[in-house]
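To find a chain, count down the sequence lines: A is the first, B the second, and so on, and within it residues start at 1.
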There are 2 protein chains.
Amino acid sequence: MSNMVSGNTVAEVARLIGDVARANILSALMGGQALTAGELAHHAGVTPQTTSGHLARLAEAELVKVEKQGRHRYYRLASADVAQALHALMTVAAGGPKRHRPIGPRDAALRLARTCYDHMAGRLAVALADGLRANGHVILTDGAGLVTDTGRRLLCDFGVALDDGAKGRRPLCRTCLDWSERRPHLAGRLGAALLDRALDLGWVHRATDSRALRLSPAGERGFSSAFGLPPGWRDAPAA
Amino acid sequence: MSNMVSGNTVAEVARLIGDVARANILSALMGGQALTAGELAHHAGVTPQTTSGHLARLAEAELVKVEKQGRHRYYRLASADVAQALHALMTVAAGGPKRHRPIGPRDAALRLARTCYDHMAGRLAVALADGLRANGHVILTDGAGLVTDTGRRLLCDFGVALDDGAKGRRPLCRTCLDWSERRPHLAGRLGAALLDRALDLGWVHRATDSRALRLSPAGERGFSSAFGLPPGWRDAPAA
DNA sequence: GGCATGCTTCGGCCGGGGCCGAAGCATCCG
DNA sequence: CGGATGCTTCGGCCCCGGCCGAAGCATGCC
């Protein structure tokens, strides 16, 4: 009877996620792109009118944000907090690091590079994190990371403004367990900024129909020279 | 239609949490202690037989673990992953750092020191984190922390074995946003070890009926001399 | 043994909510 | 302007699952 109050609202949020159609909608939005109601209906596997109801409830609870544009409505996750909660639920759902089921993206392109909410994932992202760590630009601890002075300089040269202004308090550098690689990659403001900048530079391009990222030749060269990707980073992990 | 598979199991987990009674049960277990089915029924606000059904489902899904002892059954959260997922959901439920509603534990004792799953929370825990950080024993980044060499030595002297053996891969040092203080305190293996050791030393004692921790005079002296609590740490935060 | 306590299983009630078809607005196009 | 497209609202169906009372096992105590 002690803390029923907080339990209540927790239940409301969890209940919203606890429906297959809505969970599919939210999972689709974990890709980081804004999607239209119709696309989400397709992902959810239910009719548009049903989806519309779900989206209204999700928006009401501020789990997603909506943006009108012409006769489309674009939906996206409302905040990184929501993405993190979904991530945590996926971790629990996967049964912890228990079953080493070789699921994860089976598509080779997805394994190589993809988006994860607002940052990069896949072998490329893991290799980037490894390279930055090996060169002492970041220090990765459990769940988060610290950008060193040399790293700050490097990233500034690369063109990402770390901008420590305590705006919004979105964590600067977080690590995120890569589904396919089972090793950490970079998330947080830093991870998001890296993806933004890489897209700007044309080093990676979004696939139109999936979360995959295509690495351009320029990106291949650029990432290697800028961040020192370890040799053979494209290969499957030893384990 | 792409990733419906993972969405499915995410939905199952979230659905389990998405019931008021079950959410209350899990919230109660966030205290870190194992509780009997009867106590949980009380927390949930439903009859024992209803609670029994809920607990069976939670155990089936491995969100909680059960341990028979005489004619009692003690339940606890199954893993730190579950605690983290609940924490993330609470964060979303609280509406992010949006509404600064002065909720949080209203009881003064709870504000001062309490348990949070398996580690300490409240002003004491925040002050401990501050002290360790101020003296360069840990470096706190967003969501995690790094124990320095001096910190490692200090903690070893204090009697906690950090034991880097990659056993279980439970993160060593994490930070956790304190509900009442809105500032980070220490969690992870380190946070759990600190609570254990403090209980062993008799520096804090568990209250019988709540998550509150009572700080003993020895603890007051001990924490101050060992970790350098900032002066006036008992006072309400400036904000 | 007899009885209390703690927990579970069974059966039945009933309300919430997920689903779709049909129809209603909005927007863009020619 | 009329028609196509995208999305929403409305109405009604139906089933899932949360709830409790009663009864059934276990355990412990006298």
Please give, in whole Å, the distance from [N] [atom2] to [X] [atom1]?
X: Leu58(A); N: dC7(D); atom1: CG; atom2: P; value: 16 Å
X: His42(B); N: dG6(C); atom1: NE2; atom2: P; value: 13 Å
X: Ile17(B); N: dG17(D); atom1: CD1; atom2: C1'; value: 17 Å
X: Leu40(B); N: dC7(C); atom1: CG; atom2: C1'; value: 12 Å
X: Glu12(A); N: dG16(C); atom1: CD; atom2: P; value: 15 Å
X: Leu35(A); N: dG6(D); atom1: CG; atom2: P; value: 15 Å
X: Arg73(B); N: dT8(C); atom1: CZ; atom2: C1'; value: 8 Å
X: His72(B); N: dC7(C); atom1: NE2; atom2: P; value: 6 Å

| request: Salt-bridge test for Asp178(A) and Arg111(A): reply yes if a basic N is under 4.0 Å from a carboxylate O, no otherwise. | output: no
| task | Name all residues meeting the side chain to side chain donor-acceptor pair (under 3.5 Å) criterion together with Ser216(A); count only those two or more places apart in sequence or in a different chain, and write none if there are none. | result | none
| task | Could you list the residues that satisfy side chain to side chain donor-acceptor pair (under 3.5 Å) with Arg174(B), not counting sequence neighbours? | result | none
| task | Rounded to the nearest 0.5 Å, what's the gap from NE2 on His185(A) to NE2 on His119(A)? Could you check? | result | 3.5 Å
| query | What nucleic acid atoms does Thr36(B) come within less than 4.0 Å of, heavy atoms only: base, sugar-phosphate, or nothing? | reply | sugar-phosphate
| What nucleic acid atoms does Tyr74(B) come within less than 4.0 Å of, heavy atoms only: base, sugar-phosphate, or nothing? | nothing
| remark: Letter by letter from the 5' end, nucleotides 18-30 of chain D scores (B base, S sugar-phosphate only, - none; protein heavy atoms under 4.0 Å) SSBBB----BS--
Listed pairs under 3.5 Å, donor-acceptor, residues 65-73 of chain A side chains, sequence neighbours left out:
none

| Can you tell me if Ser180(A) uses its side chain to pair, donor with acceptor, with the backbone of Gly122(A) under 3.5 Å? | no
| said: Taking Leu16(A)'s backbone N and O only, do any of them form a donor-acceptor pair with Arg22(A)'s side chain (distance below 3.5 Å, no angle check)? | reply: yes
| What's the verdict on side-chain contact (heavy atoms from CB on, under 4.5 Å) for Ile17(A) and Val13(B), showing C-alpha distance, side-chain angles and the deciding distance? | CA-CA 9 Å; Ile17(A) 308 177; Val13(B) 173; over 6 Å; no
| note | Double-helix bend of the helix from dG1(C)-dC30(D) to dG30(C)-dC1(D), axes at both ends from 5 pairs, round to 10°, gives 20°
| All pairs passing ring pair (Phe, Tyr, Trp, His ring centres under 6.0 Å) where residues 190-209 of chain A contributes a residue, at least two apart | Phe158(A)-Trp203(A), Trp203(A)-Phe223(A)
